[in-house]
Amino acid sequence: MLGALALVLGIGLWLAGRLLRPIAAITATAQQISDRNDLSRRIGITSTPSDEVGRLAETFNGMLARLEAVFATQRQFVADASHELKTPLTAILGHANLVRRHGAADPYVVGEATTAILEEGERMRRLVQSLLHLAQTDSAPVRRSECVNVSLIAREVVREMMPLAQERGLHLQLHEANEREPLIYGSSDELRQVVLNLVDNAFNATATGGSVRLAVTTLIVDGQECIALEVADTGDGIAPDDLVRIFERFYRVDAARARGAGGSGLGLAIGRALVHQHGGSLSAESQLGVGSTFRVLLPRCIGYLDC
Ligand code: ADP
């Protein structure tokens with residue numbers, strides 16, 4: 001009798017040990033990650049993924065992979081932001097040193113250095129503003145507080161950008177085709193900023209004599225009524241390899257030229273994040289030498305409860 005009990009107890013302990021071994025492995029891996037800040041570690045899955053412990057290990061590994069990817073993106077973002085800030089900072093220090101060493105008494109040198117320092121300072125201010133905006137976009141939900149008429153936004157942007165279009169010899173037009181008011185629910189300030197950036201980019205890409213056309217239309221997408229706002233230009237166009245990357249943070253098609261024009265490569269990333277927050281999408285089509293079309297697609301307000 002006692003022998004049988006001991007046997008049952010022995011088998012029970014052996015089984016419990018076998019079952020708990022993978023849990024111990026998960027605990028050990030979690031401990032190693034916490035001790036060494038090493039998110040590249042994974043749990044070796046020995047049991048079949050169909051049992052509970054195997055599934056737990058798989059879920060744990062999946063979570064680690066996602067965390068590792070998020071941290072890598074954050075690290076890259078901090079490195080890129082530092083690099084972007086380093087360039088104007090180096091220029092400011094260089095000009096200030098130049099004046100101190102050679103030119104304090106020379107009005108020409110002082111004038112040139114002051115202009116350069118102001119330009120670089122302004123570039124840094126814009127970049128910091130964009131970084132702050134991006135941080136807000138990442139952390140806060142959109143202030144969906146108002147009913148927005150997309151046509152009014154497009155008209156405002158056209159009015160605001162017309163003097164610059166005339167100065168650059170560009171044809172700026174607005175086309176509207178909507179049976180009902182093109183209403184969406186969201187933040188008019190944020191959408192205006194997205195559209196302004198798209199038009200600004202279109203201006204930068206289009207030579208004198210070219211045209212930039214805004215269009216506000218109503219479409220049915222996957223059975224849902226949507227408002228489309230397009231900004232189409234007859235500019236340089238974007239090569240396919242660049243087109244797939246232009247919405248990435250800090251990506252510039254022609255980095256040297258774009259930096260010269262004051263761009264940091266954040267405008268489209270911020271724009272896409274803002275449009276996503278509104279439940280919409282921002283996409284682009286382009287052909288080198290022919291032009292580009294950027295399209296903001298937003299769900300239309302349905303019924304008076306929405307707006
Ligand atoms: P930036 O602030 O530098 O303009 P964006 O994120 O707004 O950054 O744009 C990223 C890059 O995409 C720009 O450097 C520009 O070269 C390219 N781009 C954006 N819009 C257009 C356009 N309409 N035509 C050609 N290139 C464009």
Side-chain angles (χ1 to χ4, degrees), residues 73 76-77 80-88 119-120 122-138 154 157-158 160-161 164-165 168-175 190-215 228-277 280-297:
T73 308
Q76 187 61 46
F77 179 69
D80 288 342
S82 310
H83 178 77
E84 291 297 324
L85 285 168
K86 204 174 121 207
T87 311
E119 275 174 11
E120 296 297 336
E122 174 58 23
R123 187 162 299 164
M124 281 179 76
R125 192 190 62 76
R126 275 201 307 268
L127 179 61
V128 170
Q129 206 172 23
S130 295
L131 290 172
L132 285 173
H133 199 145
L134 209 51
Q136 278 169 2
T137 315
D138 282 345
V157 170
V158 167
E160 198 169 320
M161 296 300 274
L164 188 60
R168 297 201 187 168
L170 298 171
H171 304 284
L172 180 59
Q173 304 150 13
L174 173 61
H175 166 78
E190 291 182 348
L191 289 173
R192 202 174 138 275
Q193 189 205 330
V194 173
V195 183
L196 262 177
N197 182 57
L198 293 179
V199 174
D200 190 47
N201 280 347
F203 277 22
N204 287 335
T206 310
T208 304
S211 70
V212 174
R213 184 174 187 264
L214 277 76
L229 189 152
E230 288 183 351
V231 179
D233 64 63
T234 57
D236 301 336
I238 305 165
D241 285 354
D242 292 315
L243 194 59
V244 291
R245 300 198 57 194
I246 50 169
F247 292 97
E248 289 174 20
R249 293 172 180 192
F250 299 109
Y251 191 79
R252 285 176 293 233
V253 171
D254 181 344
R257 202 182 57 174
R259 192 178 286 119
S264 58
L266 287 175
L268 288 176
I270 293 175
R272 183 172 259 187
L274 289 175
V275 174
H276 279 177
Q277 280 188 337
S281 64
L282 172 57
S283 57
E285 284 172 14
S286 188
Q287 217 179 321
L288 265 185
V290 177
S292 313
T293 300
F294 285 76
R295 177 194 268 185
V296 178
L297 202 61

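Keep in mind that the numbers below use all heavy atoms, side chains included, and drop hydrogens, waters and symmetry copies. Keep in mind it's a predicted model, so treat the numbers as computed, not measured. Counting starts at 1 for both ligands and their atoms, following the listed order.
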Ile238 contact mode with ligand 1 (heavy-atom cut-off under 4.0 Å)
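It is the side chain that touches ligand 1; the backbone stays farther off.
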
Report the part of Asn197 in contact with ligand 1, treating N, CA, C, O as backbone and CB onward as side chain, heavy atoms under 4.0 Å; options are side chain, backbone, both, neither.
side chain

Compute the shortest N/O to N/O distance between [X] and ligand 1 and return yes if it is under 3.5 Å, no if not.
| X | value |
| --- | --- |
| Ala205 | no |
| Ala269 | no |
| Asn201 | yes |

Please could you name the atoms of ligand 1 that [X] approaches to less than 4.0 Å, counting only its heavy atoms?
| X | result |
| --- | --- |
| Val253 | 12 (O), 14 (O), 16 (O), 17 (C) |
| Leu266 | 6 (O), 8 (O) |
| Gly265 | 1 (P), 2 (O), 3 (O), 6 (O), 8 (O) |
| Tyr251 | 10 (C), 11 (C) |
| Gly267 | 2 (O), 5 (P), 6 (O), 7 (O), 8 (O) |

Do Arg125 and Glu120 sit within salt-bridge range, that is, some charged N less than 4.0 Å from a carboxylate O?
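Not counted as a salt bridge, because no side-chain N and carboxylate O are separated by less than 4.0 Å.
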
Charged N-O contact under 4.0 Å between Glu122 and Arg126
yes

Looking at ligand 1, would Asp236 count as a contact under a 4.0 Å heavy-atom criterion?
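No, Asp236 has no heavy atoms under 4.0 Å from ligand 1.
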
Looking at ligand 1, is there an atom of it that comes within less than 4.0 Å of some heavy atom belonging to Phe294?
yes

Can you tell which of Ser264, Gly235, Ala239 gets a heavy atom nearest to atom 2 (O) of ligand 1?
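The option holding the nearest heavy atom is Ser264.
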
Test: Arg249 cationic atom under 6.0 Å from Phe77 six-membered ring centre, within 45° of axis:
yes

Is there a side-chain contact between [X] and [Y], using heavy atoms and a 4.5 Å cut-off?
| X | Y | answer |
| --- | --- | --- |
| Arg192 | Val195 | no |
| Phe294 | Leu229 | no |
| Leu274 | His133 | yes |

Can you name the side-chain hydrogen bond (donor to acceptor under 3.5 Å, both in side chains) partners of Gln173, sequence neighbours left out?
none

Under the side-chain hydrogen bond (donor to acceptor under 3.5 Å, both in side chains) test, which residues partner Arg295, sequence neighbours left out?
Glu230

Would you check if there is a donor-acceptor pair between the side chains of Gln76 and Asp80 at a distance under 3.5 Å?
yes

